[in-house]
Structures are given as structure tokens and as C-alpha cells.
Amino acid sequence: HAGGERDREDRERNEDLEALVLVGTAFVVLFGDLLHGVEAGLLATLALALLRVARFRAKIHRGEDGAPHQISFSGPITFLAIPELEATRARLALLDPAAGVILDVRSVLEMDFTGCQRFLSLVIDVVARGAKVAILGASPSYRSKLLATDRDRLLETRLELAGNPLIDAV
């Protein structure tokens, strides 16, 4: 099971990072002083916590037999998500745009201004390649911010809302 395998890999990576923080803190305490060691440990722990909280993922489900491709986003889309968004953009460029693309943001609870801009630019790229695009599940917590970012009103007709048969049209 791929999801279970990825979870196990994530846990192992977290354990490795926690061990690295512990070793780094001990190193600073031994070769520096206690106060600097505690400060270094706290900073490293806070950075690690920030990375965990800000974890963003984009998973591409390639459409088969003419079905649209679906990209499932999860976690906050903030300035910290830019590298993953850019990697997703590169992977999307390899897919056939004729099938259409569904951008599923139901598991995205927050988008900051930078995240809105980068998400919009991803949509612009996919549309420019000729794909029909639908955005599924944009949360009210950022929907107005996302629409305000979109000066060309590209998203307005692509956001799936209750009762809108947009997904069927893709």
C-alpha cells in the first residue's frame, strides 16, 4: 500500500530529523556552553515544528482513457509551499492537457497571498496549454482572497460551488 509506505517513510524522516536536532544540541552544549546549546536546540525544534505544520503536498492522479487528471492538494498553500507548487507545475506540463484537469483543494485550509498568486499562476499555465480546468472545494477562508488575486477573472468560472455542474464539464 503506497500511502502506508509513504507514512512510514515520513515517520522515519521525522525520527532522523529529531535525532539530528538532539545531536546538534548536544554538540553545541559540549563544545560551546549550556545556554547556546539550549538556544540552538530550541531554534532547531521550532524550525522542525514549522516545517511539520507547513507541510504541503500535491499528488497527481493521471486520468486514464480520456478521464481528467486530478491533482489533490493538502496542507496550507503558503510561501513555504512554493517549491512543491513549482514541482507540481513541472509535472503537470508532462500531462496531456486534452483530458482536462481537476485541482482538488478540499484539503487546503489556508492560502496566504503568495500561495494565492502561485496557485493562480499554476492555473494560468494549465489553461494556456489548452486544458479545461476545474477547482474543487476552495474553502471560504481563502476563496475571496484567491478571487481578489485573479485580476483577469480566470478563476471565477472554474471554481466548483454547490450545485455547479462544473466538474462534469471537464
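Values below: all heavy atoms of this structure, side chains included; hydrogens, waters and symmetry mates excluded. The structure presented is a predicted model; accordingly, all values stated were derived computationally and were not measured.
No hydrogens or angles considered: nothing links the side chains of Ser139 and Arg106 as a donor-acceptor pair under 3.5 Å.
Remark: Glu86 does not engage Arg91 in a salt bridge, criterion side-chain N to carboxylate O under 4.0 Å.
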Run the side-chain contact (heavy atoms from CB on, under 4.5 Å) test on Arg62 and Leu95 for me, step by step, so that the C-alpha distance in whole Å, both residues' side-chain angles and the decisive distance to 0.1 Å come before the verdict.
CA-CA 8 Å; Arg62 185 181 298 254; Leu95 299 178; 3.3 Å; yes
Start with the C-alpha gap between Leu146 and Leu155, add the side-chain angles, then the distance that decides, and say whether side-chain contact (heavy atoms from CB on, under 4.5 Å) holds.
CA-CA 8 Å; Leu146 190 57; Leu155 298 176; 3.5 Å; yes
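Proximity of Leu147 to Leu159: side-chain heavy atoms (C-beta onward) are separated by under 4.5 Å at one or more points. Counting only heavy atoms from C-beta outward, the side chains of Ile71 and Val101 approach each other to under 4.5 Å. At least one side-chain heavy atom of Val105 sits under 4.5 Å from a side-chain heavy atom of Tyr142.
Note that CG of Leu103 is 9.0 Å distant from CD of Gln70, once rounded to the nearest 0.5 Å. Separating the NZ atom in Lys145 from the CE atom in Met111 is a distance of 9.0 Å, to the nearest 0.5 Å. The CZ atom of Arg57 lies 6.5 Å from the OG atom of Ser74; values are rounded to the nearest 0.5 Å. Ser121 OG to Leu85 CG: the interatomic distance, rounded to the nearest 0.5 Å, is 8.0 Å. Distance check: Ser72 OG to His61 NE2 gives 3.5 Å after rounding to the nearest 0.5 Å. We find the CZ-CD1 distance between Arg118 and Ile82 to be 4.5 Å, quoted to the nearest 0.5 Å.
Counting all heavy atoms, side chain and backbone alike, Cys116 lies closest to Thr149 at CB-OG1, 3.6 Å. Across Ala81 and Pro76, no two heavy atoms sit closer than the pair CB-O, 4.0 Å. The two residues Leu154 and Arg158 make their nearest non-hydrogen contact at O-NH1, 2.8 Å. When all heavy atoms of Ala93 and Arg129 are compared, the pair lying nearest together is O-NH2, 3.3 Å.
Of the possible donor and acceptor atoms, none in the side chain of His69 sits under 3.5 Å from a partner among the backbone N and O of Glu64.
One hydrophobic cluster holds both Val29 and Leu42 under the rule that ILVMFWY side chains link at heavy-atom gaps under 4.5 Å.
Listed by first and then second residue, the salt bridge (Lys or Arg N to Asp or Glu O under 4.0 Å) pairs involving residues 146-157 are Arg153-Glu156 (not counting sequence neighbours).
Phe79 is linked by a ring-ring contact (aromatic ring centres under 6.0 Å, His included) to nothing, counting only residues two or more places apart in sequence or in another chain.
Between Phe119 and Phe73, the ring planes are perpendicular. Angles over 60° get that label, and only those under 30° would be called parallel.
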